[in-house]
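Counting starts at 1 for both ligands and their atoms, in listed order. All of these numbers come straight from a predicted model, not from anything done at the bench.
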Amino acid sequence: MSEVASARAAGQSPVIRVADLHKRHGELEVLRGITLEVQRGDVAVIIGPSGGGKSTFLRCLNGLERFDEGRVTIHGTTLLPQMERSLEARALREVRAHVGMVFQQFHLFPHMTVLENIVEAPIHVAHVPPEEARTRARTLLERVGLAAKAERRPGVLSGGEQQRVAIARALAMNPEVILFDEPTSSLDPRMTGEVLSVMSDLAQEGLTMLVVTHAMAFARKAAKHVHVFHEGRVVESGPPEQVLEDPRERVTREFLRLAWG
Ligand SMILES: Nc1ncnc2c1ncn2[C@@H]1O[C@H](COP(=O)(O)OP(=O)(O)OP(=O)(O)O)[C@@H](O)[C@H]1O
Ligand SMILES: [Mg+2]
């Protein structure tokens with residue numbers, strides 16, 4: 001993308017900048033000071049053992065969860081722990097307008113068709129004229145290989161197809177960045193391949209992505225940076241060839257031994 005190239009050349013600030021993020025659930029400190037940046041056009045992958053705070057971290061980034069200390073800046077909008085209500089509401093609207101989210105369990109609206117799922121937010125949140133939203137939705141469905149399924153309901157689609165609809169739905173809002181939380185964990189190997197192939201294409205096209213995944217081959221190929229979360233901290237970060245092939249931390253080595261199987 002030339003737009004991405006020129007943004008890089010201009011040395012623009014990161015799309016996501018997180019500084020010293022802390023999150024507690026009662027006594028349990030789930031995030032213990034996360035500092036992390038994602039640059040425009042980069043793919044960052046988060047790995048690490050269960051319970052390490054990966055999902056909590058993603059939820060804090062788009063305001064699905066509040067946090068206790070630190071600062072999150074996304075596309076120039078800052079979220080802080082204690083914000084005045086109207087300021088917080090405005091910041092959350094801003095952030096959510098620029099951040100897409102794809103979950104393990106798809107979260108499509110079951111009573112709507114595939115096309116209706118995709119145009120819902122563009123029409124009702126972004127106020128895109130309905131005809132324009134539908135035209136764009138069809139283009140996105142083609143891009144994820146599902147042009148023929150526009151009028152179906154999600155329930156009759158395979159898991160892999162539903163996840164590709166969820167990706168198209170996220171793309172429909174023209175996000176600055178898409179956060180993926182284990183997008184292939186509930187899928188069989190063939191469906192996993194279909195979804196990862198769409199994600200690899202998006203990475204190649206320059207979409208900024210932050211992906212929690214156990215799909216190591218995808219991480220190795222698509223990621224610019226890999227971050228290892230363990231007990232609420234980033235214990236290791238670096239390019240995939242270092243973190244995945246020559247890990248420094250014992251936690252990373254143990255996680256990888258299990259993840260590669
Ligand atoms: N609403 C909550 N109330 C209390 N504890 C919570 C809550 N949500 C998450 N936790 C705890 O926070 C910790 C981190 O959870 P989180 O789901 O972020 O981990 P994760 O790294 O995504 O794990 P997994 O790989 O299993 O998805 C866990 O110990 C979890 O039990
Ligand atoms: Mg999780």
Side-chain angles (χ1 to χ4, degrees), residues 16 18-38 43-72 74 79 81-82 88 92 95-96 99-108 159-160 162-163 166-167 170 177-189 191-192 195-196 199 209-220 222-223 225-238 240 243-244 247 249-261:
I16 299 177
V18 180
D20 198 29
L21 188 71
H22 291 254
K23 167 76 186 176
R24 292 180 202 93
H25 281 298
E27 293 289 284
L28 181 68
E29 192 168 20
V30 181
L31 299 177
R32 306 177 184 209
I34 305 284
T35 295
L36 189 155
E37 288 188 353
V38 182
V43 176
V45 162
I46 295 175
I47 61 172
S50 182
K54 305 178 298 293
S55 296
T56 304
F57 179 67
L58 291 195
R59 287 201 300 269
C60 287
L61 292 188
N62 73 347
L64 286 177
E65 257 185 88
R66 287 205 171 92
F67 47 93
D68 297 292
E69 288 173 50
R71 154 193 297 262
V72 170
I74 296 195
L79 297 174
Q82 309 282 341
E88 182 184 56
L92 286 176
V95 163
R96 288 180 186 148
V99 179
M101 183 103 192
V102 173
F103 302 90
Q104 182 176 337
Q105 294 300 338
F106 329 130
H107 294 304
L108 297 171
Q162 290 186 56
Q163 194 60 300
I167 293 172
V177 52
I178 300 187
L179 314 176
F180 294 81
D181 193 357
E182 301 204 30
T184 59
S185 294
S186 66
L187 303 178
D188 71 24
M191 296 192 289
T192 293
V195 171
L196 290 177
M199 290 172 63
M209 298 159 63
L210 180 55
V211 187
V212 175
T213 186
H214 295 183
M216 290 304 133
F218 170 82
R220 179 69 184 83
H225 299 285
V226 176
H227 305 280
V228 185
F229 273 49
H230 178 53
E231 296 180 346
R233 291 194 173 87
V234 180
V235 294
E236 181 162 8
S237 282
V243 176
L244 302 181
E249 298 295 322
R250 190 174 53 85
V251 172
T252 313
R253 287 197 291 275
E254 280 178 9
F255 176 79
L256 290 173
R257 190 167 51 77
L258 295 170
W260 284 111

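For His107, the ring-ring contact (aromatic ring centres under 6.0 Å, His included) criterion is met by Phe103, not counting sequence neighbours. Residues meeting the ring-ring contact (aromatic ring centres under 6.0 Å, His included) test with Phe229, sequence neighbours left out: Phe57.
Contact annotation: the side chain of Ser55 never approaches that of Val212 to less than 4.5 Å [non-hydrogen atoms, C-beta and beyond]. The side-chain heavy atoms of Val72 and Phe67, taken from C-beta on, include a pair separated by under 4.5 Å. For the pair Gln163/Val102, a side-chain contact is recorded, criterion being any heavy-atom separation below 4.5 Å from C-beta on. Counting only heavy atoms from C-beta outward, the side chains of Leu61 and Val99 never approach each other to under 4.5 Å. The shortest side-chain heavy-atom distance between Pro247 and Leu256 falls under the 4.5 Å cut-off.
The Mg ion (ligand 2) has Ser55 OG as its protein N, O or S neighbours under 2.8 Å.
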Contact table ligand 1 N or O to protein N or O, d under 3.5 Å:
{"residue": "ligand 1", "atom": "3 (N)", "partner": "His25", "partner atom": "ND1", "Å": "3.4"}
{"residue": "ligand 1", "atom": "8 (N)", "partner": "His25", "partner atom": "NE2", "Å": "3.3"}
{"residue": "ligand 1", "atom": "18 (O)", "partner": "Thr56", "partner atom": "N", "Å": "2.9"}
{"residue": "ligand 1", "atom": "18 (O)", "partner": "Thr56", "partner atom": "OG1", "Å": "2.5"}
{"residue": "ligand 1", "atom": "19 (O)", "partner": "Gly53", "partner atom": "N", "Å": "3.3"}
{"residue": "ligand 1", "atom": "21 (O)", "partner": "Gly52", "partner atom": "N", "Å": "3.2"}
{"residue": "ligand 1", "atom": "21 (O)", "partner": "Gly53", "partner atom": "N", "Å": "3.0"}
{"residue": "ligand 1", "atom": "21 (O)", "partner": "Lys54", "partner atom": "N", "Å": "2.9"}
{"residue": "ligand 1", "atom": "21 (O)", "partner": "Lys54", "partner atom": "NZ", "Å": "2.8"}
{"residue": "ligand 1", "atom": "22 (O)", "partner": "Ser55", "partner atom": "N", "Å": "2.9"}
{"residue": "ligand 1", "atom": "22 (O)", "partner": "Ser55", "partner atom": "OG", "Å": "2.9"}
{"residue": "ligand 1", "atom": "23 (O)", "partner": "Gly51", "partner atom": "N", "Å": "2.8"}
{"residue": "ligand 1", "atom": "25 (O)", "partner": "Lys54", "partner atom": "NZ", "Å": "2.7"}
{"residue": "ligand 1", "atom": "26 (O)", "partner": "Ser50", "partner atom": "OG", "Å": "2.5"}

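When the shell of 6.0 Å around CZ of Arg32 is examined, it contains more than 12 heavy atoms from other residues, nucleotides or ligands.
Listed for the Lys54 side chain is no donor-acceptor partner under 3.5 Å among the backbone atoms of Ile47.
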